[in-house]
Enquirer: 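Quick one: the structure is below, and I'll ask about it shortly.
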Protein chains: 4
Amino acid sequence: MTKDKIIQATIRNFAKYGYEGASMRKIAEEVNIKPASIYYFFENKQNLFIQAIKVILEHHFTSMKGTFEQYQTEKLHTIFSELFDNIVRHHTSNQEETKAYVLMVNSAIPEIKEEVRNYLATYNVWLVEQLTEEIASRNPHLDTSEIKEIIDYFIFLGNGLFWGVIIYEKSEMQKNLKQATNLMNQYLNQSLGSEKDE
Amino acid sequence: MTKDKIIQATIRNFAKYGYEGASMRKIAEEVNIKPASIYYFFENKQNLFIQAIKVILEHHFTSMKGTFEQYQTEKLHTIFSELFDNIVRHHTSNQEETKAYVLMVNSAIPEIKEEVRNYLATYNVWLVEQLTEEIASRNPHLDTSEIKEIIDYFIFLGNGLFWGVIIYEKSEMQKNLKQATNLMNQYLNQSLGSEKDE
Amino acid sequence: MTKDKIIQATIRNFAKYGYEGASMRKIAEEVNIKPASIYYFFENKQNLFIQAIKVILEHHFTSMKGTFEQYQTEKLHTIFSELFDNIVRHHTSNQEETKAYVLMVNSAIPEIKEEVRNYLATYNVWLVEQLTEEIASRNPHLDTSEIKEIIDYFIFLGNGLFWGVIIYEKSEMQKNLKQATNLMNQYLNQSLGSEKDE
Amino acid sequence: MTKDKIIQATIRNFAKYGYEGASMRKIAEEVNIKPASIYYFFENKQNLFIQAIKVILEHHFTSMKGTFEQYQTEKLHTIFSELFDNIVRHHTSNQEETKAYVLMVNSAIPEIKEEVRNYLATYNVWLVEQLTEEIASRNPHLDTSEIKEIIDYFIFLGNGLFWGVIIYEKSEMQKNLKQATNLMNQYLNQSLGSEKDE
DNA sequence: AATGAATGAGTCTTCATTCAT
DNA sequence: AATGAATGAAGACTCATTCAT
C-alpha cells in the first residue's frame, strides 16, 4: 500500500537526515511517486512525520510487551535478562527506527518532542506496573520503595544498552548485554538477600 | 570576539535544530551580524559546524582530563565515582553541547560523523590507557584482560549516565549517579576480591 | 441539485477570493463533494466560472426587467425612482453576486471580461430602448438626443448607487437612494420644463 | 531603485491579476531580477502588496489635496467642479492604481481590506473638514447638517464618476464629468437659495 | 571587518486536472 | 454520479553562497 510505503520511507529518511534534512521529494522518490502524491495521504510534512513516529513507538511497545508476556512466568533473573536481550535485539534490528527515535527525543518540532515524551512516560508507567507485580508476587516481603529501586536499576542499565546500540556496532553489543545482565543479577542477588526469588 | 560568538551561536543552533535545520541567517542574527559576514571567518557552513564540533569535543576532553588528574591519586572507587560525577556534571551544565553531540554521532554529513567517531576512538584510547595504569599499579596481580573488563564496565555504566542526561531532567540525575556508583563499587569489590585496592 | 449547488458555491468563492484565488477544492468542499466530481458537470474551471457568471447576469437582468415591467405604466419620476430602488435592493441583497460582478469587469481572463462587457452592452441597449419608449410616449415634443440625455443622467446616477453598495454598509444606502432620486427628479423637472410628464 | 521598481510592477500586476493571480515570479520578471531578490526588500508577498497599496493611496491623497489647495479660494461651484475634474483626471491617468484600488476594497486579505477601509475613512474625514470650512465661510447662514448634506451630494456624484472610470473608456468620461458638474451646480443653486455663494 | 544586493537551487505546498473504477 | 489516486506545473518562500564595495 502506498501509504505504508510512504511511512516506511519517512522513517528511513528521518533516521538518515533528521526532520529538516529529510525532504518530501526524496521520500517520494523512494516510493516511486511524485511529491504531490504524498499530500493525498498526509496533510503536510509534520503530520506525516508524526504518523511515522507513532508507527515507530507502537512497534517498540509491541516488541517489549511481547517479550514481557513470553517470559512473565519465569524467574526474575530471566525476565530482566530477556528484557535486556530484547532491548538490544529490537534496536539493533531496527536501527533506523532507533536513530529516528534519538532525533525525536530532542526535536525542535514541539509536536514531535511531545509525542515521544508522552510515549516515554506511558511506556514507563506500563513497565513499572508490570514489573512491580512480578517482583511483588515473588517477594512478598519487599515494600513498594524497595521494588521501585530494583526497577530503577533495571531501567538505568537499559539506558546504557540503548545508547550502546547507537554508538557501537551490532557485534559489539553482546559484551554490553552480558554486562547489563551480570550487573543486574549481582544487584538482584544482593537486594533480594540470599533467598531464591521463586 | 565575533568568531567565538559565531561558534557559540552555531552550537546553540546545532543543538536546537540539527545541521540541516540550523541556518546561517539565524546564527548571524544571534550574533547581530549579517549572514554574509560569517563567510569572513568560515569558509562555508560545513566548515563552521566542524569547527564548532571541535570546540565541543575539546571542551569535553578538557573536562574529563581535569577530573582524572584531580583524583588520579585517590583509590579506585573514588576515581570511578568522580568520573561518573563529572560525566553528569559536564553534560548537564553543557546541555546544548551534549545535544549537539547526540546529533553529530549519526550525522548525515560524513565529515561530521567522522570527526566525532575519531574523537570517540581517541578518547577511548586515552581513557583506557589512563585507567589501565591506575588499576594495574594498584592491583599488580590483575592481567590485561581483567583490567580491560573493569574499564568496560565503567564505560558501560557511563553510557547509561550519558543517555540519562538526554532524557531526564537535571534533578533526576542524582539517582542515576548513585546507581552507577553503587553498581561500579559492587562490581569492583567482587572483581578485586576481598582485598583492599590500595 | 448538485450542479446548482456547485454554481452557488462558485459565486460565493468568486466573490470572496476572485478567479485565481478561488479553488476547485474549496468549492467542492462547500458542496460536500470531491473536486474530481465537479468535472462531471463542468469542463474545467474557466467553464464553470463562465456559467456562474451567466447566472449572475441573468439574475440581474430578471430583477431589473421585473421592476421595469411592474412600474412601466407609472409616471416617469416613479419609474426612475423605482429603478434606483431596485438597483440598491438587488445589489444589497445579492452582495456576493455584486462583488463577483465587480471582479469580473476587469478580469484578467478575456472570456470572463468579454462575457460581462457583452452583457453590459446588451443591458444598456435594452434599458435605453425601454426608457426611450416610455419617455417618448409621455413627452412627444422631445427629440432623440434629448431623450438620450435623460437616460444618460439616469445611468450616471445609477453608477453612483452601484459603487455605493460596494463601499458602504447596507444601512447607509438609504441616504444614497434619496440623493439619486432627488437629483433625478430635479433634473427631470428642469429638463421636461414645467409641464407634467404624463 | 530596485525597490521602487518592484512596487511599480506590483501595482501593475495587482491591477491586472488581483492579489492571488499576481505572482512573485511575474513581478520579478518585469523588474528583471529573480524572485528571490524581492525578499531582500520585502518580507513576503502580503507585505509587498500592502506597501504597494500605501503608495497608491498616498498618491491619490496627494492628488486630491493638490487640487483642493489650488482652487480653495475660488467660488464653491468651481471647487466642486475642479474636484470632479480631478477625480476623473487622476483615475483615468492612473488606471492601474484605480483598478488595484477596486480589487483592494473587497480583498480577501483582511490586512489589505483594512488598509483601504482605513484610508477611505481618513480621506473622508479630511474631505468633509476641508469642504465644511469652505462652505461655511461662504455661507454663514447654513447649519452643520445643511453643510453636511451638500458634501454628501458631492461624494455621491463622485462615486458615480469613479465607477464610470472603471467601466467606460477614458474618452466617454467627459460626458460623465459634465453630468456630475451640472447636477452639483443645480443642487447647489437650489440648496444655497438664489443668493451668490461668495 | 562587514554588508547590501543578488541569485540558483531547493524547500514545502497547492492547484487544476485526469482517469480508471 | 462520484471518487480514489495520481501528477505536472506552478505557487511562495528559504537557503547557502558570492562579490563588489
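Sequence lines set the chain letters: A, B, ... in the order given, protein chains first and strands last, and positions in each chain run from 1. Excluded from the calculations below are hydrogen atoms, water molecules and symmetry mates; all remaining heavy atoms, backbone and side chain alike, are included. Predicted model, so just to flag it, every value in this text is computed and none were measured.
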Enquirer: Could you tell me if H60(D) and Y119(D) have a donor-acceptor pair between their side chains, going purely by distance under 3.5 Å?
Expert: yes
Enquirer: Sort out the partner of dT7(F) for me: Watson-Crick or G-U wobble, both distances under 3.5 Å, none otherwise.
Expert: dA16(E)
Enquirer: Specify the residue among S23(B) and F41(C) whose closest nucleotide of DNA chain F lies further upstream toward the 5′ end.
Expert: F41(C)
Enquirer: Think K3(A) forms a cation-pi with Y40(A), using NZ or CZ under 6.0 Å from the six-ring centre and within 45 degrees of its axis?
Expert: no
Enquirer: Whole-Å distance between dT14(F) P and N44(D) CG?
Expert: 8 Å
Enquirer: Toward the 5' end of DNA chain E, which comes first, M24(C) or Q46(A), by nearest nucleotide?
Expert: Q46(A)
Enquirer: With DNA chain F as reference, determine whether A36(A) or K45(B) sits nearer its 5' end, using the nearest nucleotide of each.
Expert: A36(A)
Enquirer: Do other residues, nucleotides or ligands put more than 12 heavy atoms under 6.0 Å from the NZ atom of K113(B)?
Expert: yes
Enquirer: Below the 4.0 Å mark, does dA5(F) have OP1 or OP2 next to a side-chain nitrogen or oxygen of S37(A)?
Expert: no
Enquirer: If you pin P35(A) and K34(B) to their nearest nucleotides in DNA chain E, which one's is more 5'?
Expert: K34(B)
Enquirer: When you measure from the centre of the six-membered ring of Y19(B), is the NZ or CZ of K45(B) closer than 6.0 Å and no more than 45° off the axis?
Expert: yes
Enquirer: Does dT21(F) have a Watson-Crick or wobble partner in any strand here, with both distances under 3.5 angstrom, and which is it?
Expert: dA2(E)
